[in-house]
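Okay, structure first, notes after.
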2 protein chains.
Amino acid sequence: MKRNSRLTASLHALVHMAQVPDHPMTSEEIAGWLHTNPVVVRRMVAGLREAGILSAVRGHGGGWTLARPAASISLADVAAALEESFLSINTKPENPRCLVERSVSRHLDGFRLEVERLLAERLATVTLADIAAECGQGIAAYKENRHAL
Amino acid sequence: MKRNSRLTASLHALVHMAQVPDHPMTSEEIAGWLHTNPVVVRRMVAGLREAGILSAVRGHGGGWTLARPAASISLADVAAALEESFLSINTKPENPRCLVERSVSRHLDGFRLEVERLLAERLATVTLADIAAECGQGIAAYKENRHAL
DNA sequence: ACGATTCGTAACTATTAAAGTTACATGAAG
DNA sequence: CTTCATGTAACTTTAATAGTTACGAATCGT
């Protein structure tokens, strides 16, 4: 898995799950899609479980399923659950006694907040169900997307 | 110098320069402000020179000065010259044959573009002169901000 | 009950992007 | 022609993240 792609990767997995509701998916399976390791997957989606987006079942036949209907899970919900910051722009002054540094940081921080708000707004307009529908839904679409093609 | 703070650091230095026009500042001096190394500074601002924001003079009494009036240099100009991406969100599908991944990436990429546009717009509304004015301008303010307090 | 399976998590290693450093060539001022 | 400053290449260090190993806990099928 590439760096800085936790949101992309998580959404990828979640939409696949939305396509086949009630079918638990294992971390092994997901790791295959994301070309990574099962443990990395479990670590990545831990926050999604805590946020009530995914529910996990252990043991034989276990795995992950969506904890609520795909239509009620927006991309913003997922992004928030991952607690990832997407804006890599430092707005904390290192030396708060320098007026210049403070002023620069204050401006940038204002912009940062505004931009994060816009992103959250946009992410809130799309749900997992929307994307699943775009790709075709259900078992057929799931098989279509099996990555084994 | 901390990571992901090239824009903040560059603006910090540039505003100090705006406060004392026609006084070349050495990388040694700037490195002191940013708590880093002169070579790191030279590397960081290389793009600013190529973009016509800074001009450098070598040799005795040399250093950097703003290449144009501070009022004509917006924060967006600086950000563009640094060629830094501020949105750490991967929107390139790793396996373009997966419909789900493509759909997710397409949505995120649209949002990314919109967000970057907003940020650029906002950065364009503020110039180095604006910030210098906020901090008090001229030699007096420069001394006020000497970081040696 | 028992073994197979799967998540949960801690502890460790590997990778990599960026900062920091050293070294030296280039050029300008006095 | 010495001194000081940038320009840049090459290398080392650092830190964030991915990847791995290991094992405990929980659940199912037999």
Side-chain angles (χ1 to χ4, degrees), chain A residues 1-10 12-13 17 22-67 81-90 94, chain B residues 1-10 12-13 17 22-67 81-90 94:
Chain A
M1 197 177 79
K2 275 192 280 188
R3 294 163 93 99
N4 291 337
S5 59
R6 278 172 54 209
L7 179 61
T8 316
S10 300
H12 183 175
M17 293 181 208
D22 310 320
H23 169 65
M25 298 210 175
T26 67
S27 48
E28 196 88 38
E29 197 171 2
I30 297 169
W33 294 343
L34 308 183
H35 306 106
T36 183
N37 190 290
V39 178
V40 173
V41 172
R42 291 202 279 270
R43 207 152 54 192
M44 180 177 75
V45 300
L48 301 179
R49 180 170 37 76
E50 289 162 19
I53 290 173
L54 280 182
S55 64
V57 172
R58 296 185 187 188
H60 200 115
W64 280 290
T65 50
L66 296 184
L82 291 175
E83 291 180 0
E84 208 179 4
S85 167
F86 303 110
L87 226 64
S88 62
I89 172 174
N90 190 311
E94 294 186 23
Chain B
M1 198 176 79
K2 275 191 282 188
R3 294 163 92 99
N4 290 338
S5 58
R6 278 172 55 209
L7 180 61
T8 317
S10 300
H12 183 175
M17 293 181 208
D22 308 322
H23 168 65
M25 297 207 176
T26 67
S27 49
E28 195 89 39
E29 197 173 0
I30 297 169
W33 294 343
L34 307 184
H35 306 107
T36 182
N37 190 290
V39 177
V40 173
V41 171
R42 292 203 278 270
R43 206 151 55 191
M44 179 177 76
V45 299
L48 302 179
R49 180 170 36 77
E50 287 162 20
I53 291 174
L54 280 181
S55 64
V57 173
R58 297 186 187 187
H60 201 113
W64 280 290
T65 49
L66 296 183
L82 290 175
E83 291 180 0
E84 208 179 3
S85 166
F86 302 111
L87 226 63
S88 62
I89 172 173
N90 190 313
E94 294 185 24

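Chain identifiers are assigned alphabetically (A, B, ...) following the order of the sequence lines, protein sequences preceding nucleic acid strands; residue numbering begins at 1 within each chain. Every heavy atom of this structure was used, including side-chain atoms; hydrogens, water molecules and symmetry mates were not.
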Next item on the list: Please identify each residue that fulfils side-chain contact (heavy atoms from CB on, under 4.5 Å) with A/E84, with sequence neighbours left out.
Entry: A/R6, A/L7, A/L82, A/F86
Item checked: Donor/acceptor link under 3.5 angstrom from A/R3 side chain onto base of D/dA16 -> yes
Check: With sequence neighbours left out, what residues match B/H23 under side-chain contact (heavy atoms from CB on, under 4.5 Å)?
Finding: B/V20, B/M25, B/E29, B/Y142
Next item on the list: Measure from CD1 on B/I30 to P on D/dA5 and round the result to the nearest Å.
Entry: 12 Å
Note to self: Counting primed atoms plus P, OP1 and OP2 as sugar-phosphate and everything else as base, spell out the protein contacts along nucleotides 19-26 of chain D at 4.0 Å heavy-atom distance: B, S or - for each nucleotide, 5' to 3'.
What the structure shows: BBBB-BBB
Item checked: Under the side-chain contact (heavy atoms from CB on, under 4.5 Å) test, residues paired with A/V57 that sit two or more places apart -> none
Notebook entry, point to check: Sequence neighbours excluded, which residues qualify as side-chain hydrogen bond (donor to acceptor under 3.5 Å, both in side chains) partners of A/S55?
Noted result: A/T65
Item checked: Non-neighbouring partners of B/N4 that pass side-chain contact (heavy atoms from CB on, under 4.5 Å), sequence neighbours left out -> A/S88
Check: Listed by chain and number, what are the side-chain hydrogen bond (donor to acceptor under 3.5 Å, both in side chains) partners of A/S27, not counting sequence neighbours?
Finding: A/R42
Item checked: Non-neighbouring partners of A/E94 that pass side-chain hydrogen bond (donor to acceptor under 3.5 Å, both in side chains), sequence neighbours left out -> none
Check: Between which nucleotides of DNA chain C, read 5' to 3', does contact with chain B run, using atoms under 4.0 Å from its heavy atoms?
Finding: C/dA17 to C/dA29
Checklist line | Atom pair distance, as rounded to whole Å: CG in A/N4 and C1' in D/dT17 | finding: 9 Å
Margin query: Applying a 4.0 Å non-hydrogen cut-off, can you work out what A/M44 is touching in the nucleic acid: base, sugar-phosphate, or nothing?
Written below: nothing
